[in-house]
K.L.:
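Here it is: the structure, laid out below.
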2 protein chains.
Amino acid sequence: MGQSSRFPLAVHVLVALSFRPKDFISSDSLSGTVHTNPVVVRRVVASLRRAGFVISQPGVAGGVRLAKLARRISLLDVYRAVGRGELFRMHNPNRACPIGKRIPAALAEFLPKAERAFERSLAGVAIEDVARKVWPAFFATK
Amino acid sequence: MGQSSRFPLAVHVLVALSFRPKDFISSDSLSGTVHTNPVVVRRVVASLRRAGFVISQPGVAGGVRLAKLARRISLLDVYRAVGRGELFRMHNPNRACPIGKRIPAALAEFLPKAERAFERSLAGVAIEDVARKVWPAFFATK
DNA sequence: TAGATTCGTAACCTCGGTAGTTGCAGTTCG
DNA sequence: CGAACTGCAACTACCGAGGTTACGAATCTA
């Protein structure tokens, strides 16, 4: 990803919400845990809301809560919701050159395979799995 | 990778060099195929040289050539030589918060697995494999 | 109803990384 | 010596991300 810290931040937020699934948590509280600005949290939450993972509510006692079970949200879901999609950025080869002309197709033969391997791995982990590592006692009685 | 186009550019250069393994090719010619500035090419080549994949020679009739067989250079080798290493960038959770304190370790449990799956896939492809897709006839007699 | 609280979003600044460009010293060959 | 290269430093332009402020809209409570 070169990239941005939005994905770990989104996972952090979802894990935090998973410990109080019935309550609306304010972006101000969340910004405390993730150690950043409330607006930055709301920007990430906006992506998660568009993806249907959380519901937010304005007004006093408003905030954010999970819209589905933590067990049903995979890290790949989150990655796609907040990420930029492409793992590789292409350059712009010279199409007039016989080599340059065929480079894009040749790379398209191999790079997506690596991307899919990456995504399969993320798809096998749910937010709940991360939450279990963070606070094992929360799941002790289940 | 959020990223940069240095990796596809490096692969492009190595594939081009693989078709004339005995000749020194100037960064000026290479900049034609990859469709960019000679200095940008030399910057990428500098990483490849430090990694031991190419040898460059100054002076008239100078340039760059492969230092090892295209079959012996994997896409993972190239990725590591020109890339930034980390696929994920961490945020900075609040260590004073019981959740924030444990998030890094929890993520470290799962994200490296995805990274390794990605790398294993790249490790299985060599520059020569890409070159075969680009110019099959070059390998027809082999 | 008034006021407090919270969200959503736009606007702006800053910072870091990348590509593109120029310039120049050093190397090699004819 | 001069031409054709590399290697590298320096500078600019640009883009995306994070941080911040601001404001309208929604919601609850006194």
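Quick note: numbers below take in every heavy atom, side chains included, and nothing from hydrogens, waters or symmetry partners. Letters A, B, ... are given to chains in the order of the sequence lines, protein chains preceding strands, and every chain is numbered from 1. Please read these numbers as outputs of a predicted model, since none were measured by experiment.
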K.L.:
Can you tell me if the side-chain N/O atoms of A/Ser5 get under 4.0 Å from OP1 or OP2 in D/dG18?
P.N.:
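Answer is yes, contact under 4.0 Å.
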K.L.:
Are B/Arg49 and D/dG7 close enough that a side-chain N or O sits under 4.0 Å from OP1 or OP2?
P.N.:
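So the side-chain polar atoms of B/Arg49 do come within 4.0 Å of the phosphate oxygens OP1 or OP2 of D/dG7, strictly under.
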K.L.:
State which of D/dG7, D/dG18, C/dT18 makes the closest approach to the side chain of A/Arg6.
P.N.:
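Minimum distance to the A/Arg6 side chain belongs to D/dG18.
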K.L.:
When we call it a touch if two heavy atoms are under 4.0 Å apart, what does B/Arg43 touch: a base, just sugar-phosphate, or nothing?
P.N.:
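Result for B/Arg43 = base.
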K.L.:
When the distance from CZ of B/Arg89 to P of C/dG16 is rounded to whole Å, what number comes out?
P.N.:
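My rounded result for the distance is 11 Å.
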K.L.:
CG of A/Asp28 versus P of C/dA4: gap in Å, rounded?
P.N.:
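Answer to the nearest Å: 17 Å.
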K.L.:
Search all heavy atoms of A/Val41 against all heavy atoms of A/Ser27 and return the closest pair with its distance.
P.N.:
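For A/Val41 versus A/Ser27, the nearest heavy atoms are CG1-CB, 4.2 Å.
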K.L.:
Between B/Arg42 and D/dT6, is there a contact of a side-chain N or O with OP1 or OP2 at under 4.0 Å?
P.N.:
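Answer is yes, contact under 4.0 Å.
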K.L.:
Only Watson-Crick and G-U wobble pairs with both distances less than 3.5 Å should count. Give DNA chain C in dot-bracket notation, marking inter-strand partners with |.
P.N.:
||||||||||||||||||||||||||||||
K.L.:
When the nearest nucleotide of DNA chain D is assigned to A/Asn37 and to B/Ala61 on a heavy-atom basis, which residue is associated with the more 5' position?
P.N.:
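Per heavy-atom nearest nucleotide, the more 5' residue is B/Ala61.
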K.L.:
Run the side-chain hydrogen bond (donor to acceptor under 3.5 Å, both in side chains) test on A/Asp28 and A/Ser31 for me, step by step, so that the C-alpha distance in whole Å, both residues' side-chain angles and the decisive distance to 0.1 Å come before the verdict.
P.N.:
CA-CA 5 Å; A/Asp28 210 65; A/Ser31 72; 4.5 Å; no
K.L.:
Taking atom C1' of D/dC14 as reference, at what distance in whole Å does atom CG of A/Asn92 sit?
P.N.:
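That distance rounds to 17 Å.
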K.L.:
Check for me, please, whether B/Leu69 and B/Val130 land in the same ILVMFWY cluster - side-chain distances under 4.5 Å, paths through other members count.
P.N.:
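Different hydrophobic clusters.
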K.L.:
From NE2 of A/His35 over to P of D/dT20, roughly how many Å is that when rounded to an integer?
P.N.:
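For the pair A/His35 NE2 and D/dT20 P, the rounded distance is 11 Å.
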K.L.:
The side chain of A/Val40 lies closest to which of these nucleotides: D/dT21, C/dT27, D/dG18?
P.N.:
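Output: D/dG18.
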K.L.:
Answer yes when A/Glu128 and A/Arg72 have at least one side-chain N-carboxylate O distance shorter than 4.0 Å, and no when they do not.
P.N.:
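Salt bridge absent between A/Glu128 and A/Arg72.
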K.L.:
Starting from C1' on D/dC5, measure out to CD1 on B/Ile55 and report it in whole angstrom.
P.N.:
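My rounded result for the distance is 17 Å.
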K.L.:
Is the distance between the ring centroids of B/His12 and A/His91 less than 6.0 Å?
P.N.:
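Here the rings of A/His91 and B/His12 have centres that are less than 6.0 Å from each other.
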K.L.:
Can you work out whether A/Gln57 or A/Leu9 has the more 5'-proximal nearest nucleotide on DNA chain D?
P.N.:
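Result: A/Leu9.
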K.L.:
State yes or no: are the ring centers of B/Phe110 and B/Phe88 separated by less than 6.0 Å?
P.N.:
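No; B/Phe88 has its ring centre 6.0 Å or more from that of B/Phe110.
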K.L.:
Flag yes if A/Phe139 and A/Val15 sit in one hydrophobic cluster, no otherwise; membership is Ile, Leu, Val, Met, Phe, Trp, Tyr, and two members link when side-chain heavy atoms are under 4.5 Å apart.
P.N.:
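They do share one cluster, since a chain of ILVMFWY contacts under 4.5 Å joins A/Phe139 to A/Val15.
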K.L.:
Do any side-chain nitrogens or oxygens of A/Thr36 fall under 4.0 Å of OP1 or OP2 in D/dG19?
P.N.:
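Checking A/Thr36 against D/dG19: at least one side-chain N or O falls below 4.0 Å of OP1 or OP2.
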K.L.:
When you check the phosphate oxygens OP1 and OP2 of D/dC5, does a side-chain N or O of B/Ser27 lie under 4.0 Å from one of them?
P.N.:
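No.
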K.L.:
Nearest to the side chain of A/Ser56, heavy atoms from C-beta on, is which of C/dA19, C/dG8, C/dT21?
P.N.:
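Out of C/dA19, C/dG8, C/dT21, the nucleotide with an atom closest to A/Ser56's side chain is C/dG8.
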K.L.:
From the list D/dC5, D/dT21, C/dG23, which nucleotide is the closest neighbour of the side chain of B/Ser26?
P.N.:
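Taking heavy atoms from C-beta onward, the closest nucleotide is D/dC5.
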K.L.:
Could you pull out the closest heavy-atom pair between A/Lys68 and A/Gly52, with the gap in Å?
P.N.:
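Minimum heavy-atom contact is CD-O, 3.8 Å.
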K.L.:
Side chain of B/Val60 only, please: which of D/dA3, D/dA26, D/dG7 is the nearest?
P.N.:
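The closest nucleotide is D/dA3.
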